[in-house]
A.B. asks: 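Here it is, the structure in full.
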Amino acid sequence: MCPRLAGAMRLGPRPATLGLLLLCAAAAGAGEAEELHYPRGEHRADYDREALLGSQEEVDEYVKLTPEEQHKRLKSIIKKIDLDSDGFLTESELSSWIQMSFKHYAMQEAKQQFVEYDKNSDGSVSWDEYNIQMYDRVIDFDENTALDDTEEESFRQLHLKDKKRFEKANQDSGPGLNLEEFIAFEHPEEVDYMTEFVIQEALEEHDKNGDGFVSLEEFLGDYRRDPTNEDPEWILVEKDRFLNDYDKDADGRLDPQELLSWVVPNNQGIAQEEALHLIDEVDLNSDRKLSEAEILENQDLFLTSEATDYGRQLQDEYFYHDEL
């Protein structure tokens, strides 16, 4: 199951015939990364620093910081997380900060991509420029003609969905997307005017009986239960997500708003989980909040956390600069 498959296809240039194969390879790579991150089920903190600090240049800069400079910048970040300035970081404050960090770096990445996609530097990204950046050529599928090859047809469907999203993001109907529109295209979860489009797109894909909802069976897609065998583990996991994460009113189906939380998941749950993890690990006096002293005593743990985006915030003046 991958409701954001179209988004996953925007990973980089690739021939159309290889699209789905590369996507499968990426999924396998994710499994290998998980094993490196949690060898034998134990969290390896240095993996976070190596893999998630960013570029090698950022890693090198991090290593060059003196302990005093690290402390100074971290203290500045702690003060900014502490919204009520009471000297302690609560679960709510940590969660809000982590969500803000996620959004900031997503927007920064989109801005960097915009420059790369805007081949003629005219301040907008055309559909042709998007194709050239992604696939090294302009791709044009007939919207009304299905392809015989299964893989090619799957790619055609994904490409047409991207095109529809591109057109929806283009609010001013100009020849291309300006920066704000490009962000809406890349991150529709961050832009209100894209919400209805994303919901309708998901319903078209998953609502097979056209009732405006997604049932558990539709959620599970092509899976067909074998009554002679137990459901595989991944099906049990998906069922649990459907029942406990998405179907908030427990009516056995996802309405449009519940569907939105599936197809465009926000970072709230991840942020809350990380905030609780930090409090569990760093809170030395069990008061369920973190003091500056507790954080500095456990600096390495805090710097391999999403709360500092794995230390990258120490390199980003947006976060540590006192005047910002």
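All residue numbers refer to positions in the sequence shown, counting from 1. Just so it is clear, the model here is predicted, and its values are computed rather than measured.
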A.B. asks: Just by distance, no angles: are the side chains of Gln171 and Glu181 close enough, under 3.5 Å, to form a donor-acceptor pair?
C.D. replies: no
A.B. asks: Report the distance from atom CD of Glu196 to atom NZ of Lys168, rounding to the nearest 0.5 Å.
C.D. replies: 8.0 Å
A.B. asks: Please find out if less than 6.0 Å separates the ring center of Phe155 from that of Tyr135.
C.D. replies: yes
A.B. asks: Is there a donor-acceptor contact under 3.5 Å from the side chain of Gln133 to the main chain of Tyr130?
C.D. replies: no
A.B. asks: Under a 4.0 Å N-O cut-off, is there an ion pair linking Lys289 with Glu294?
C.D. replies: no
A.B. asks: Just checking, Arg253 and Phe213: is the charged tip under 6.0 Å from the six-membered ring centre and within 45° of the axis?
C.D. replies: yes
A.B. asks: Got a second to check how far Ser154's OG is from Asp149's CG, nearest 0.5 Å?
C.D. replies: 8.5 Å
A.B. asks: Give a yes or no on this: more than 12 heavy atoms of other residues, nucleotides or ligands lie within 6.0 Å of atom CG of Asp192.
C.D. replies: no
A.B. asks: Going through the checks in order, is the side-chain contact (heavy atoms from CB on, under 4.5 Å) test met by Asp162 and Trp127?
C.D. replies: CA-CA 10 Å; Asp162 261 4; Trp127 178 241; 4.2 Å; yes
A.B. asks: If you measure from the Lys or Arg side-chain nitrogens to the Asp or Glu carboxylate oxygens, is any gap between Glu153 and Arg156 under 4.0 Å?
C.D. replies: yes
A.B. asks: Mark yes when over 12 heavy atoms from residues, nucleotides or ligands other than Glu69 sit less than 6.0 Å from its CD; otherwise mark no.
C.D. replies: yes
A.B. asks: Are His206 and Trp262, when compared by the centres of their aromatic rings, separated by less than 6.0 Å?
C.D. replies: yes
A.B. asks: Could you walk me through whether Phe88 and Asp82 satisfy the side-chain contact (heavy atoms from CB on, under 4.5 Å) test, starting with their C-alpha distance in whole Å, then the side-chain angles of each, then the deciding distance to 0.1 Å, before giving a yes or no?
C.D. replies: CA-CA 6 Å; Phe88 297 95; Asp82 184 14; 5.7 Å; no
A.B. asks: Looking only at the side chains, is there a donor atom on one of Gln99 and Ser95 sitting less than 3.5 Å from an acceptor on the other?
C.D. replies: yes
A.B. asks: Do Arg288 and Asp280 meet the salt-bridge criterion of a basic N to acidic O distance under 4.0 Å?
C.D. replies: yes
A.B. asks: Just to verify, which of Glu116, Gln108, Glu109 counts as forming a side chain to side chain contact (heavy atoms under 4.5 Å, CB included) with Gln112?
C.D. replies: Glu116
A.B. asks: Can you measure from CG (Leu254) to CG (Leu216) and round to the nearest 0.5 angstrom?
C.D. replies: 8.5 Å
A.B. asks: Give the C-alpha distance, both sets of side-chain angles, the deciding distance and a yes or no for salt bridge (Lys or Arg N to Asp or Glu O under 4.0 Å) between Lys239 and Asp231.
C.D. replies: CA-CA 10 Å; Lys239 285 183 176 179; Asp231 287 331; 2.7 Å; yes
A.B. asks: What distance separates Asp247 CG from Ser261 OG, expressed to the nearest 0.5 Å?
C.D. replies: 9.5 Å
A.B. asks: Using 30° and 60° as the class limits, which term best fits the ring planes of Phe166 and Phe185: parallel, tilted or perpendicular?
C.D. replies: perpendicular
A.B. asks: Do other residues, nucleotides or ligands put more than 12 heavy atoms under 6.0 Å from the NZ atom of Lys79?
C.D. replies: no
A.B. asks: Hey, what do you get for CG (Leu89) to CZ (Phe302), rounding to the nearest 0.5 Å?
C.D. replies: 6.0 Å
A.B. asks: Begin with the C-alpha distance, continue with both residues' side-chain angles, and end with the deciding distance and a verdict on side-chain contact (heavy atoms from CB on, under 4.5 Å) for Gln157 and Glu205.
C.D. replies: CA-CA 10 Å; Gln157 293 290 340; Glu205 180 175 353; over 6 Å; no
A.B. asks: So, the side chain of Glu218 versus the backbone of Asp207: is there a donor-acceptor pair under 3.5 Å, distance only?
C.D. replies: no
A.B. asks: Decide, yes or no, whether a salt bridge links Glu68 with Lys72 under the criterion of side-chain N to carboxylate O below 4.0 Å.
C.D. replies: no
A.B. asks: Is there a path of hydrophobic side-chain contacts, each under 4.5 Å between heavy atoms of I, L, V, M, F, W or Y residues, that connects Leu83 with Ile295?
C.D. replies: no
